[in-house]
Each structure stands twice: as structure tokens, then as C-alpha cells.
Amino acid sequence: MTDSIFDPIEDVIEAFQNGEIIVMTDDEDRENEGDLICAAEKTTPEVINFMVTHARGLVCVPMEENQLRHLGLSHMVPAHSSDKYHTAFMDSVDIRQGTTTGISATDRANTVAALISDTSQASDFIKPGHMFPLKAVPGGVLERAGHTEGTVDLARICGMKPAGVICEILKDDGEMMRLEALRAFADEHGLKMTAVSEIIKYRYIHEKLIHLEREINMPTDAGPFRLKLYSSDVDNKDHLALVCGEPEEGKTPLVRVHSECLTGDVFHSMRCDCGAQLHAAMHAVQKHGCGAIVYMRQEGRGIGLAKKLHAYELQEKGMDTVEANEHLGFNADLRDYGVGAQILNDLGMIKIDLLTNNPAKITGLDKYGIEVVERVPLVLPPGEHNDFYMATKRDKMGHII
């Protein structure tokens, strides 16, 4: 999935503010589908009619929990349903006043208007009905990368009521329309096209999602650092930055963005090279005189300590790192560098030399506004117990080793 297939996010925001319908896709590793979306407060009978005529899917109303609770709407089924993607369907409704059958485009548009009205009460609605409210999670796309959250977040970004109307886009044969076909569909109807990932990127770049909580002196065997503790609104974890020196005119800071590895960093496990890389990076930053180690709490490439140990168990039975993660239902690497980019931004390190062997890390930082001027290799000799692991990183994960 390439950025070029999507319209500039600024154009999407302007169109959404003007009440235009937008095509929004989600990730190909998720539902891999596209929805038509429109701001709830801009929804008209013509919008509803376009959705049911050209998209053919189910018309739903993504909303925030507070408004749903105010209207007395609860989950259609228990919150922990069997839905793979945990879409939070609420009680279906029609507006009581003036409704005929409830299914007409006018009736449905009126129901949308009532759902977001500050004066509406629970008694104003008939249940069940023909409109399907969906509850967005509090953290939006940073917590759940779904169309529900993408629509609500986009409305909020546009300064409108945090709600929208969405409808899945089907092909003529009734199957889901995928990426290239969605672009052609958008062009045919003169619509802007974006993705949930674009909303995620926008929020990381334009919102402050980390907060400096503490700062102390940290003498180490590599040299003295300033240790900064950051809290994160995204994952409710504490992340760290070991900072050396001050940004200097004409000197690019040397940075290592290091994901937590308890077994390697603390216990000096020889199954990986994480601990050795961390300590080598600390010495390299000290030698350079200006830079930082950003320590991200993304244990086990984002799957957590318990799952990582389970993956280790599978590796002892013959799987490699990638195969073990996939066997457990995860991608090979779940790490995201949005929080790390925000920490670097807070440190004033927007242009950096990056200590890494992983080109994907450069891409991961670049999309959040951090320019990697130069990649600095951090290659250590393989050991007796990690040669298979190192080969997997090289051959399957694209590390330059």
C-alpha cells in the first residue's frame, strides 16, 4: 500500500469539512476494505442515497461513547462478541418523530441528525431501527485502527461533532472492493481517498501525545546521560530517553531507537543481540558527544514479554523468529515509532543519524516527521546461540547485517 494512491490529507480534511463523501481504507492486514464516510452533521438524504446506491454496504453511525450513553444506547451484543475486529454495534434506532418506515434516505438522515443533537433524549428513538450506531474507542485510531475510529477522529480534526456516517463499498458482484478498485471508484465519482493509517500519521504529527514526567542525571559505564521519563497517551506506558550533550550547530545528533528486551538488556541473554546493541549504542552516542538512546517499551517486537517467551518456546522446537510470531497470530514486527518520533521531536532532534541495521526503522520514523540523514550500522559478531536469529533478521526481516 503506497502513500501515492491517497490524496493529500489536507485536501481530505477540507473536503470532509465541506460535507463531501470520502473513501477511507483500512490496513490490508486487517479487514482490507474501503468505506464511504461523511461527517454526521453534514449528512443529507442525498448522502445516504449515494451510499446505498453506489457502495451497497450497511450504513452505520460511528459515535463517541458519551453521546451513546446519554441516549441510552447499549451494545447490540455483549462487548466481547465473536466479531474478529470487535466492531462495537450498538442498539439500532429510528428517530421517532416524523418517521415513516425508517428506511428511506430522508428518514435515515433525520435519524443521524437526531443521534448527534445536543437536545435528543433516549425517548426520541425507536428500537430496533434502520440506523446502526457504532461506538468508537476513547483513544481513536491510536487505540483501534478501524473505520469507526478513523471517521470520528477525522470529524474531530475538522472541528465538527465527533461522529460520522459510513458504508462499506462492494463491487457489482457483491464482493468487497479492494485498493486499486477503490482508487478507480473514487476517481469515477470525484471523491477524495484516504486511509486510517493517514489519520494515525496526522495525529502523531499534529497532536502532543507524550509528556515529560521526570528528568534526572544518569551516570553509566558508558558515560553521563540525562535520563528523561515520558508518559504516553497512546499506550499508557512510560518510555525513556538517555540524552547526551546538547544539539550543536552543524552537528547531527546520533540516535538509537531501541525497543525494550528484558531478557537481552537486563539478563544479557545470548539468544539475541539486543543487550549488546544497546550498550554499544550508549558508547557510540557518548563518543559522538551529542545524541540519545530512545528506549521504547515495545517488548518482543510489540507482542509483550509473555508472548515473546512463548515464541522462544516455539523457536526451541525449530521455528525461527518470524514463524513463531506468525504461529501466535502476530505479524513479524508489530512495533510502531510514532511515540519515539514524538520523543525525538521533544528533544529537538528532528534530523538525526540513526544507529540501526533495520531499514524499516528509518521508514517508520520518516513517516512521522523525523529525517534520518545517515544510517549508522550497529553490527556485532554473531554468538554461539544467536546465529540463527541473526540470519533470520537478515534474510526475512531485511536487516543489513
Side-chain angles (χ1 to χ4, degrees), residues 1-9 11-63 83-89 92 103-105 108-109 111-112 130-136 140-141 144-155 157-158 163-202:
M1 184 180 293
T2 60
D3 291 344
S4 61
I5 203 167
F6 304 120
D7 291 293
I9 190 64
D11 294 350
V12 171
I13 290 171
E14 182 180 3
F16 199 75
Q17 286 174 323
N18 292 335
E20 296 179 29
I21 298 171
I22 305 294
V23 175
M24 177 181 282
T25 72
D26 69 349
D27 193 85
E28 61 186 355
D29 293 327
R30 198 175 173 277
E31 291 178 304
N32 190 19
E33 68 176 34
D35 284 20
L36 292 181
I37 70 170
C38 184
E41 63 184 74
K42 300 286 187 176
T43 299
T44 62
E46 290 75 21
V47 167
I48 299 293
N49 194 49
F50 184 91
M51 287 183 171
V52 299
T53 301
H54 297 287
R56 306 184 183 91
L58 186 65
V59 182
C60 300
V61 189
M63 300 173 62
D83 174 23
K84 178 180 179 181
Y85 300 105
H86 305 292
T87 306
F89 280 92
S92 60
I103 195 64
S104 71
R108 286 197 264 186
T111 297
V112 173
H130 297 84
M131 290 304 286
F132 298 85
L134 305 175
K135 184 175 73 173
V141 293
R144 179 180 181 272
H147 291 97
T148 299
E149 289 70 26
T151 304
V152 169
D153 279 5
L154 184 55
I157 289 167
C158 291
V165 174
I166 67 176
C167 181
E168 303 97 336
I169 304 172
L170 309 182
K171 296 189 293 186
D172 291 344
D173 63 4
E175 295 300 315
M176 298 305 304
M177 195 176 288
R178 304 303 181 194
L179 195 61
E180 297 295 337
L182 288 168
R183 181 70 260 181
F185 176 92
D187 292 341
E188 177 187 354
H189 295 286
L191 307 178
K192 302 298 182 186
M193 180 169 165
T194 191
V196 174
S197 59
E198 294 294 294
I199 308 302
I200 294 172
K201 185 192 306 183
Y202 184 91

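Along the sequence shown, residues are numbered consecutively beginning with 1. If you're wondering where the values come from, they're calculated on a predicted model, not measured in any experiment. Keep in mind that the numbers below use all heavy atoms, side chains included, and drop hydrogens, waters and symmetry copies.
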Is it true that D26 and R144 have a side-chain N and a carboxylate O under 4.0 angstrom from each other?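 R144 and D26: not salt-bridged.
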State the [atom1]-[atom2] distance between [X] and [Y], to the nearest 0.5 angstrom.
X	Y	atom1	atom2	value
D7	I22	CG	CD1	8.0 Å
H130	S104	NE2	OG	9.5 Å
L58	F89	CG	CZ	5.5 Å
I9	E198	CD1	CD	6.0 Å
T194	L154	OG1	CG	7.5 Å
M51	T53	CE	OG1	11.5 Å

Can you tell if the side chain of [X] reaches within under 4.5 Å of the side chain of [Y], non-hydrogen atoms only?
X	Y	answer
L134	V61	no
M176	L170	yes
M193	L179	yes
H54	F185	yes
I157	I199	yes
F50	L36	yes
E20	L191	no
V47	K42	no

Check salt bridge (Lys or Arg N to Asp or Glu O under 4.0 Å) between D173 and all other residues, then give those that pass, not counting sequence neighbours. none
Tell me, please, which residues at least two apart from D187 pass salt bridge (Lys or Arg N to Asp or Glu O under 4.0 Å).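 Here the qualifying residues are R183.
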List the steps and the verdict of side-chain contact (heavy atoms from CB on, under 4.5 Å) for F6 and V12. CA-CA 9 Å; F6 304 120; V12 171; over 6 Å; no
Heavy-atom pair of closest approach, residues [X] and [Y]:
X	Y	answer
V23	A186	CG2-CB, 3.9 Å
A105	P45	CB-O, 3.4 Å
C38	T43	SG-OG1, 4.2 Å
M63	P133	SD-CB, 4.2 Å
V152	A163	CG2-CA, 4.4 Å

List the steps, then state whether side-chain contact (heavy atoms from CB on, under 4.5 Å) holds for Y202 with I13. CA-CA 11 Å; Y202 184 91; I13 290 171; 3.7 Å; yes
With no hydrogens and no angle check, is any side-chain donor or acceptor of [X] less than 3.5 Å from a backbone partner on [Y]?
X	Y	value
H147	M24	yes
D35	I166	no
E33	I169	no

Partners meeting side chain to side chain donor-acceptor pair (under 3.5 Å) with E46 (sequence neighbours left out): T44
